[in-house]
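This chain uses plain numbering: 1 for the first residue, then up along the sequence. Keep in mind that what you see is a predicted model, and the values were worked out from it rather than measured.
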Amino acid sequence: CVCLRVCVRVGGARVRATLADGSVLLRELEAIGGHSGKQHGFELHLGLGDASDVELLEVWWPDAERTYQAFEGVGAGRYRLAIDGELQPL
């Protein structure tokens, strides 16, 4: 499992994970409600089945620039992801 703590400040994120066997996992996260979630982030879980990692993890942010991030070879585990930063292990 890959668990992303997505630090949302711009309304959400769209995530696509491509596995070695060609499987694709799609998740969309919307930040709604009070301010506390936007400060601390939301968790997004990607079940990998038998896969040990994600070959390509892509993130689209709904900001004015439509920011795109891509990360290769993301191993199973917990990570922090922010629009203005790198993918960091927790």
Side-chain angles (χ1 to χ4, degrees):
C1 173
V2 170
C3 177
L4 298 177
R5 177 167 288 279
V6 181
C7 298
V8 179
R9 293 183 312 207
V10 292
R14 178 173 288 163
V15 176
R16 179 169 62 192
T18 304
L19 307 181
D21 66 0
S23 299
V24 175
L25 305 173
L26 299 171
R27 300 290 185 272
E28 191 162 344
L29 181 67
E30 287 187 42
I32 56 175
H35 68 281
S36 63
K38 290 187 178 188
Q39 288 178 344
H40 302 293
F42 294 88
E43 289 201 358
L44 189 65
H45 296 266
L46 303 169
L48 302 182
D50 292 333
S52 60
D53 64 357
V54 173
E55 282 201 353
L56 180 62
L57 180 70
E58 299 171 281
V59 183
W60 290 266
W61 299 93
D63 58 349
E65 293 81 24
R66 302 193 57 80
T67 302
Y68 169 79
Q69 292 174 301
F71 307 94
E72 294 183 4
V74 177
R78 296 173 54 94
Y79 298 89
R80 178 184 180 275
L81 176 62
I83 190 170
D84 56 357
E86 296 296 319
L87 189 64
Q88 302 171 347
L90 285 177

Is the closest side-chain heavy-atom distance between [X] and [Y] below 4.5 Å?
X     : Y     : result
Pro89 : Arg78 : no
Leu46 : Leu57 : yes
Val2  : Leu44 : no
Glu43 : His45 : yes
Leu81 : Val59 : yes

Within residues 68-77 or reaching into it, pairs that qualify as side-chain hydrogen bond (donor to acceptor under 3.5 Å, both in side chains) - sequence neighbours excluded: Glu58-Tyr68, Trp61-Gln69
Is [X] linked to [Y] within one hydrophobic cluster, defined over Ile, Leu, Val, Met, Phe, Trp and Tyr using a side-chain heavy-atom separation of less than 4.5 Å?
X     : Y     : answer
Val15 : Leu29 : yes
Leu56 : Phe71 : no
Val54 : Trp60 : no

All side-chain hydrogen bond (donor to acceptor under 3.5 Å, both in side chains) counterparts of Arg80, not counting sequence neighbours: none
Crowding at CZ, Arg27 (>12 non-hydrogen neighbours, <6.0 Å): yes
Atom CG of Asp50 with >12 non-hydrogen neighbours under 6.0 angstrom: no
Spatial distance of atom CG (Leu25) from atom CG (Leu48) [nearest 0.5 Å]: 7.0 Å
Non-hydrogen atoms of Leu19 and Ala51 that approach each other most closely: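 The pair with the smallest heavy-atom distance is CD1-CB, 4.3 Å.
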